[in-house]
S.K.: 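Starting off with a structure, shown below.
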There are 2 protein chains.
Amino acid sequence: MGDHVSGKGLKRADLARRTGCNLETIRYYEKIGMMPDPPRTASGYRVYDETHVGRLRFILRGRELGFSIEELRGLLQLVDRGTQTCAEVKALTEQHLADVRAKIAELRRIEKVLAATAAQCSGEEVPECPVLEALAS
Amino acid sequence: MGDHVSGKGLKRADLARRTGCNLETIRYYEKIGMMPDPPRTASGYRVYDETHVGRLRFILRGRELGFSIEELRGLLQLVDRGTQTCAEVKALTEQHLADVRAKIAELRRIEKVLAATAAQCSGEEVPECPVLEALAS
DNA sequence: GATAAGGTCTGTAGTGACTACAGACTCAAG
DNA sequence: CTTGAGTCTGTAGTCACTACAGACCTTATC
């Protein structure tokens with residue numbers, strides 16, 4: 001009853017394979033309400049269709065762009081209700097972009113300090129080390 | 001019996017204030033063995049001295065540079081045993097630096113996609129939105 | 001029909017690095 | 001002596017998963 005069988009619905013592993021999502025993550029997204037509870041077979045197996053594939057891909061792409069689950073939940077609620085506007089989504093995106101840029105700035109600060117300190121290391125088999133001095137000072 | 005009283009030892013809040021560390025984090029570091037169990041007063045209050053201040057500052061500076069707790073644990077074990085060498089510390093630092101640079105590269109990738117997509121937004125009160133299309137496609 | 005292998009179900013616990021809180025105790029000042 | 005602040009403990013919550021145990025179901029092979 002898998003993916004390759006004509007239109008009879010996908011099992012969890014099929015959905016995972018189609019999207020590249022981890023198997024357990026699908027269940028997790030259902031538990032936290034990011035994915036709808038899917039219909040079940042008589043014996044309790046989840047049955048997915050193309051709408052689930054689309055929604056899961058949306059979430060996974062959002063995660064790849066660094067959106068938090070809560071940000072995506074907000075986005076999905078707007079879309080589900082059909083009340084989204086480009087203005088609103090743009091604002092959310094630009095806020096997230098600002099967060100990303102702040103993280104980059106912080107990492108660059110760290111990078112500079114690490115590179116400068118490591119550059120002072122002799123790299124020899126001696127106990128004295130500029131890195132340790134920077135931490136201990 | 002606080003910080004300002006001559007050399008009688010620091011209480012937990014004193015150590016927190018001296019280092020800028022959160023009060024609870026100190027207890028956490030003791031629990032996971034990053035900080036030694038301090039001596040106690042008869043009634044069970046922790047008593048710290050300058051060695052604790054130094055060690056905590058070491059950990060906090062390391063964290064500010066993005067070292068993980070486990071990386072710092074390794075560094076501190078070397079220092080505690082007196083077996084550290086500049087070569088070894090330099091290698092650990094450069095590995096960490098490579099991790100930081102990888103994170104920066106990933107965030108820059110995200111930044112580019114977000115900026116390019118948001119730039120296509122009309123920003124108007126319409127439902128169509130390039131950001132949503134990028135996620136849903 | 002029997003059996004074995006593999007897929008799916010559930011709930012729960014673990015990750016990293018803290019942070020917050022409840023309820024009991026202690027200490028210092030007025 | 002009381003009051004308020006500080007400290008003690010253990011535990012639970014955060015975020016976004018990931019992994020596992022033990023039970024159940026399905027499919028293929030004989």
S.K.: Between atom CD1 in A/I59 and atom P in D/dA16, what is the gap in whole Å?
M.R.: 12 Å
S.K.: Applying side chain to side chain donor-acceptor pair (under 3.5 Å), which residue pairs with at least one partner in residues 122-137 of chain B are found, sequence neighbours left out?
M.R.: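 Pairs touching residues 122-137 of chain B that pass the test: none.
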S.K.: Without placing hydrogens or testing angles, list every side-chain donor-acceptor pair under 3.5 Å for residues 77-88 of chain A, not counting sequence neighbours.
M.R.:
unit_1	atom_1	unit_2	atom_2	d
A/D80	OD1	A/R55	NH1	3.1
A/D80	OD2	A/R55	NH1	3.4
A/D80	OD2	A/R55	NH2	3.1
A/Q84	NE2	B/P127	O	3.3
A/T85	OG1	A/E88	N	3.2

S.K.: Which whole-number value in Å describes the distance from A/L60 CG to D/dA16 P?
M.R.: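 Computing the A/L60:CG to D/dA16:P distance gives 14 Å.
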S.K.: Along nucleotides 4-9 of chain D, 5' to 3', which nucleotides get a B, which get an S, and which get a -, given that the test is a protein heavy-atom distance under 4.0 Å?
M.R.: --BSSB
S.K.: Rounding to an integer number of Å, can you tell me how far A/L15 CG sits from C/dC9 P?
M.R.: 11 Å
S.K.: What residues, two or more places apart in sequence or in another chain, satisfy salt bridge (charged side-chain N to carboxylate O under 4.0 Å, His left out) together with A/R63?
M.R.: none
S.K.: Under the side chain to side chain donor-acceptor pair (under 3.5 Å) rule, collect the residues that match up with B/R108, sequence neighbours excluded.
M.R.: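 Once residues adjacent in sequence are excluded, B/R108 has no partner under the side chain to side chain donor-acceptor pair (under 3.5 Å) criterion.
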S.K.: Listed by chain and number, what are the salt bridge (charged side-chain N to carboxylate O under 4.0 Å, His left out) partners of A/R46, not counting sequence neighbours?
M.R.: A/E30
S.K.: Suppose we screen for side chain to side chain donor-acceptor pair (under 3.5 Å). Which residues come up paired with A/Q120, at least two apart in sequence or across chains?
M.R.: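 Once residues adjacent in sequence are excluded, A/Q120 has no partner under the side chain to side chain donor-acceptor pair (under 3.5 Å) criterion.
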S.K.: Does any residue of residues 92-107 of chain B have a heavy atom under 4.0 Å from DNA chain C, and if so, which ones, in number order?
M.R.: none
S.K.: Residues two or more places apart in sequence or in another chain: which of them pass salt bridge (charged side-chain N to carboxylate O under 4.0 Å, His left out) with B/E94?
M.R.: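 Here no residue qualifies.
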S.K.: Output yes when B/R17 and B/D14 qualify as a salt bridge under the 4.0 Å nitrogen-oxygen rule, no when they do not.
M.R.: yes
S.K.: Establish, with yes or no, whether the OP1 or OP2 oxygen of C/dG16 is under 4.0 angstrom from a side-chain nitrogen or oxygen of B/Y28.
M.R.: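 It does not, given that no N or O in the side chain of B/Y28 lies less than 4.0 Å from OP1 or OP2 of C/dG16.
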S.K.: Checking B/A16 now: which residues fulfil side-chain contact (heavy atoms from CB on, under 4.5 Å) with it, not counting sequence neighbours?
M.R.: B/L23, B/I26
S.K.: Could you give all pairs that pass the salt bridge (Lys or Arg N to Asp or Glu O under 4.0 Å) test and reach residues 111-123 of chain A, with sequence neighbours left out?
M.R.: A/E111-B/R101
S.K.: Give, ordered by number, those residues of residues 62-73 of chain B having at least one heavy-atom distance below 4.0 Å to an atom of DNA chain C; if nothing qualifies, reply none.
M.R.: B/R63, B/S68, B/I69
S.K.: Could you pick out which residue, A/Y29 or A/A42, lies toward the 5' side of DNA chain D when each is mapped onto its nearest nucleotide?
M.R.: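 Looking at the nearest nucleotide for each, A/Y29 comes out on the 5' side.
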S.K.: Atom NZ of A/K31 to atom C1' of D/dA19: distance rounded to whole Å?
M.R.: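 Nearest whole value for this atom pair: 12 Å.
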S.K.: State, without any angle test, whether A/H96 and A/D99 hold a side-chain donor-acceptor pair at a distance under 3.5 Å.
M.R.: no
